[in-house]
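Everything below concerns the one structure shown next.
Hydrogens, waters and symmetry mates play no part in the numbers below; they use all other heavy atoms, side chains included. Residue numbers begin at 1 in each chain, while the letters A, B, ... track the order of the sequences.
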Amino acid sequence: MYSDYVKSDSRSFESDKQFITAPIYYVNGSPHLGHLYTSVAVDILHRFALLFGESFFSIGTDEHGQKVEQSAQRNKCETQDYVDSMYIEFYKLMNAANIKYDAFVRTSSKKHKDNVLNFWDKLCKKGDVYEGAYSGWYSTRDEQFYSEDEVSDGANGKIAKISNSPVEWLEEKCMFFKLSKYQNILLDYYKKNKDIIKPSSRYNETIGMLEAGIPDLAVTRSRFSWGVSCGEGQVIYVWVDALSNYITAMENNVDYWINDMIHIIGKDILKFHAIYWPALLLSADYALPKRIYAHGWWTVNKEKMSKSLGNVIDPFEILNKYGIDQLRYCIMKEMSFGQDGDFDHERIKNRINTELANVIGNLTQRILSFVWKEYEETLEINSIDENDYELLKCWDECLENSYSAMKEQQIHVYLEEVRKAAAKTNQYVDGAAPWKCDDANKRRILSVGIECIKRMALILSPVMPEMSKKILNILGCEINIDSWFKSINYRKLDKPSPLFSRIIG
RNA sequence: UGCGGGAUAGAGCAGCCUGGUUAGCUCGUCAGGUUCAUAACCUGAAGGUCGUAGGUUCAAAUCCUGCUCCCGCAACCA
């Protein structure tokens with residue numbers, strides 16, 4: 001019966017590929033919870049996709065711009081030395097959080113700068129870049145020009161309405177990108193492809209911005225030099241520089257990955273990814289992204305996370321405090337992907353104790369230690385009854401539902417599916433009560449239990465790689481989806497120890 | 001003025017796009033059960049007129065309109 005079950009339930013999942021990107025982080029400040037969150041989210045989406053097919057994951061650091069230059073000056077060091085030291089912080093975070101990227105792009109690297117010039121060249125050849133003299137209100141802080149109706153009188157002179165940052169009247173020669181040319185093209189495109197920008201509220205926002213009209217973009221700066229020079233004392237606009245990191249990441253495989261770009265971004269950089277970037281891509285004759293997903297922001301105990309409030313969460317500190325796997329799980333479970341969420345130590349603790357220690361950890365422990373105590377040899381499933389079948393079926397559904405949720409970047413839905421299946425398994429063990437059974441039934445029940453543990457470890461491997469590795473090593477399983485339908489093959493177990501310890505106090 | 005997000009049991013959320021089972025879930029509370037397991041696990045109960053007023057519909061938490069309240073829109077910044 002079990003072999004029939006395996007046969008009838010083996011299904012092939014669509015094996016496609018994706019090029020998934022995290023933003024490149026601005027090195028003007030230290031890493032915080034937000035950087036950790038974005039990185040982990042993309043890492044999970046990446047690792048999940050890897051179970052079924054191909055995925056390429058890029059991330060990096062944005063190291064150019066006037067503010068970086070100024071920070072370096074304040075710290076009295078060479079700009080390159082300054083960005084090197086900041087880069088290290090982000091690099092460390094990747095290791096500390098077990099982020100398995102394929103490419104880490106530093107915008108100050110030669111490779112990237114060459115690529116930016118190459119990209120720039122394409123825009124110029126297309127005839128989308130023209131020289132103009134810009135006169136307008138310039139904000140150093142925003143690194144941006146504003147028009148007359150975008151500024152107002154502040155206490156100490158003119159300020160930009162949108163950001164309240166001081167502006168000064170400036171006339172400078174610079175190059176423009178014909179962004180307006182792409183306004184209607186993008187509008188049409190998005191209206192025909194409503195599922196590119198997610199969540200849908202961000203789609204609406206983008207349509208709104210496009211309908212409001214987008215003027216041509218000043219894409220060079222001459223007020224500072226820390227960037228990619230395009231001649232005559234001009235430096236390429238940071239966003240043109242930064243966005244093209246995605247091309248740099250693909251190196252020689254642009255043709256291979258370009259059709260499968262999935263950008264995961266914070267909601268603050270929607271405009272750059274949903275409008276500027278696609279326009280630039282069109283200009284350079286590249287394919288457009290197939291998904292742009294903007295996630296929400298963290299508050300801390302319901303307050304905005306900010307330096308002045310002094311409530312910025314240090315990612316290294318909490319990783320160290322709660323554990324890597326635990327924290328990866330908790331921050332993803334804490335908010336619906338796309339919505340804002342709140343960080344609260346009490347809730348993290350609570351979640352670790354209940355969902356991880358009590359449900360997932362304890363379930364694993366009660367089955368493994370039972371088997372460890374009673375059996376010397378392999379426990380394979382050979383016959384199953386109705387209840388066993390129902391339970392295994394439930395895990396298959398979990399797999400399918402998780403798969404479709406993750407196709408839509410619904411990480412929280414996937415995690416909830418797994419938690420539900422784990423709870424079902426606990427119910428099953430209680431109902432079957434193997435501790436009361438004769439040997440044949442005990443073997444049957446525990447073999448099913450082991451199978452469930454294997455599946456749970458497999459499907460959670462994108463979120464908690466270390467925990468999964470620990471279990472799957474015992475059971476002799478590879479981390480790919482074939483293992484789901486392959487029976488396990490293990491020796492006498494080592495004495496199992498709890499996966500997650502409870503946090504007391 | 002404006003833009004965006006939100007309002008669902010004591011707390012935190014899902015569901016809303018693609019209206020249709022007794023509106024779900026987690027935590028907490030209360031009462032049982034169980035002992036394989038990390039004082040864990042299982043069962044059951046109490047607790048919501050889904051912010052408000054209308055509209056569309058055979059049917060609305062779900063679609064439409066008005067209103068009220070809350071959060072964000074200085075800097076850092078995912």
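- No contact: A:P434 has no heavy atom under 4.0 Å from any strand.
- Within 4.0 Å of A:G34, counting heavy atoms only, lies at least one base atom of the nucleic acid.
- Note on A:H412: nothing from the nucleic acid sits closer than 4.0 angstrom, heavy atoms only.
- In summary, A:R455 and A:D396 engage in a salt bridge, as defined by a charged side-chain N under 4.0 Å from a carboxylate O.
- One finds no side-chain N or O of A:K267 lying less than 4.0 angstrom from the OP1 or OP2 phosphate oxygen of B:rG72.
- Atom name P, nucleotides B:rA60 and B:rG20: the rounded distance is 11 Å, in whole Å.
- The CE atom of A:M209 sits 16 Å away from the C1' atom of B:rG2 (whole-angstrom rounding).
- The partner of B:rA53, taking Watson-Crick or G-U wobble pairs whose two distances both stay under 3.5 Å, is B:rU65.
- Contacts of A:S201 with the nucleic acid, taken as non-hydrogen atoms under 4.0 Å apart, involve only primed sugar atoms and P, OP1 or OP2.
- Nucleic acid contact class of A:L499 (heavy atoms, under 4.0 Å, all strands): base.
- Distance NZ (A:K271) to C1' (B:rC73): 13 Å, rounded to an integer number of Å.
- Comparing the same atom, P, in B:rC50 and in B:rG44 gives a spacing of 26 Å after rounding to whole Å.
- You'll find that the side chain of A:R202 is closest to B:rG4, out of B:rC76, B:rC41, B:rG4.
- Here A:E374 lies out of heavy-atom contact (under 4.0 Å) with every strand.
- Both geometric conditions, a ring-centre gap below 5.5 Å and a plane tilt below 30°, are fulfilled for A:W297 over the base of B:rA78.
- Within 4.0 Å of A:N28, counting heavy atoms only, lie sugar-phosphate atoms of the nucleic acid but no base atom.
- No more than 12 heavy atoms of other residues, nucleotides or ligands lie within 6.0 Å of NZ in A:K424, so this atom counts as exposed by the packing criterion.
- Between A:H295 and A:Y37, the angle of the ring planes goes over 60°, which puts this pair in the perpendicular group of the 30/60° scheme.
- Taking atom C1' on both B:rA75 and B:rU18, the two are 43 Å apart, rounded to the nearest angstrom.
- As a whole-Å value, the separation of A:N401 CG from B:rA14 P is 19 Å.
- A residue-by-residue look at A:K424 and A:F370 shows that A:F370 has its nearest nucleotide of RNA chain B further toward the 5' end.
- A straight line from CD1 of A:I207 to P of B:rG4 spans 13 Å, rounded to a whole angstrom.
- Between A:F343 atom CZ and B:rA78 atom C1' there is a gap of 15 Å when expressed in whole angstrom units.
- Note on A:K67: only backbone sugar-phosphate atoms sit closer than 4.0 angstrom, heavy atoms only; bases stay farther off.
- Counting any heavy atom pair closer than 4.0 Å across all strands shown, A:K302 reaches sugar-phosphate atoms only and no base atom.
- Closest to the side chain of A:R502, from the set B:rA78, B:rC36, B:rU38, is B:rU38.
- Figure legend. B:rG72 is base-paired to B:rC3; pairs are counted as Watson-Crick or G-U wobble with both atom distances under 3.5 Å.
- Taking atom C1' on both B:rA23 and B:rC16, the two are 12 Å apart, rounded to the nearest angstrom.
- Distance from the side chain of A:K436 is smallest for B:rU35 among the nucleotides B:rC27, B:rC36, B:rU35.
- Relative ring orientation between A:H345 and A:F343 is described as perpendicular, the plane-to-plane angle rising above 60° on a 0-90° scale split at 30° and 60°.
- Rounded to an integer number of Å, the gap from NE2 of A:H263 to P of B:rA78 is 16 Å.
- The phosphate of B:rG12 (OP1 or OP2) has no side-chain N or O of A:K333 nearer than 4.0 angstrom.
- The listed nucleotides are B:rC36, B:rA78, B:rC76; the one nearest the side chain of A:K307 is B:rC76.
- Following rounding to the nearest Å, A:N311 (CG) and B:rG72 (P) show an atom-to-atom distance of 12 Å.
- Residue A:Q339 is classed as a sugar-phosphate contact, given heavy-atom separations below 4.0 Å to backbone atoms only.
- A:R328 places no side-chain N or O within 3.5 Å of a backbone atom of A:G323 that could act as its donor or acceptor partner.
- Here the closest heavy-atom approach between residue A:V40 and residue A:A97 is recorded as CG2-CB, 4.5 Å.
- Partner of A:P434 under the side-chain contact (heavy atoms from CB on, under 4.5 Å) criterion, chosen from A:V429, A:V371, A:I367: A:V429.
- When the side-chain nitrogen and oxygen atoms of A:Q427 are compared with OP1 and OP2 of B:rU43, one or more of them lie within a distance under 4.0 Å.
- Rounded to the nearest Å, the gap between the P atom of B:rU68 and that of B:rC30 is 42 Å.
- Picking from B:rA78, B:rC76, B:rA40 the nucleotide with the shortest atom distance to the side chain of A:N362 gives B:rA40.
- Note on A:S336: only backbone sugar-phosphate atoms sit closer than 4.0 angstrom, heavy atoms only; bases stay farther off.
- Rounded to whole Å, the C1' atom of B:rG19 lies 22 Å from the corresponding atom of B:rC13.
- In this entry the distance linking CG of A:N353 with P of B:rC41 reads 10 Å, nearest Å.
- Of the candidates B:rU34, B:rU26, B:rA40, B:rU26 carries the atom nearest the A:E355 side chain, counting heavy atoms from C-beta on.
- Across all strands, A:M305 comes closer than 4.0 Å to base atoms (heavy-atom distances).
- Side-chain proximity of A:A357 to B:rC77, B:rC41, B:rU38: nearest is B:rU38.
- In A:D439, the CG atom is crowded: over 12 heavy atoms of neighbouring residues, nucleotides or ligands sit closer than 6.0 Å.
- Contact annotation for A:S306: base contact, defined as any heavy-atom pair under 4.0 Å involving a base atom.
- Contact annotation for A:F500: base contact, defined as any heavy-atom pair under 4.0 Å involving a base atom.
- Partner assigned to B:rG32 is B:rC42, using Watson-Crick or G-U wobble distances below 3.5 angstrom.
- A:N75 places no side-chain N or O within 3.5 Å of a backbone atom of A:C77 that could act as its donor or acceptor partner.
- Classification of the A:H32-A:H35 ring pair by plane angle, with boundaries at 30° and 60°, yields tilted.
- Distance check on atom P: B:rC42 versus B:rU34 gives 16 Å, rounded to whole Å.
- B:rG19: no Watson-Crick or G-U partner with both key distances under 3.5 Å is found in any strand.
- Nucleotides of RNA chain B nearest to A:R366 and A:D430 differ in position, and the one nearer the 5' end is that of A:R366.
- Contact annotation: A:R351 does not reach the phosphate of B:rU26 (side-chain N/O to OP1 or OP2, under 4.0 Å).
- Contact annotation: A:K442 side-chain N/O to B:rC36 OP1/OP2 distance is not under 4.0 Å.
- Separating the C1' atom of B:rA53 from that of B:rA9 is a span of 23 Å, rounded to the nearest Å.
- An aromatic stacking contact links A:W435 with the base of B:rC36, defined here by ring centres under 5.5 Å apart and ring planes under 30° from parallel.
- In the set B:rC73, B:rC77, B:rC41, the nucleotide with an atom closest to the side chain of A:N358 is B:rC41.
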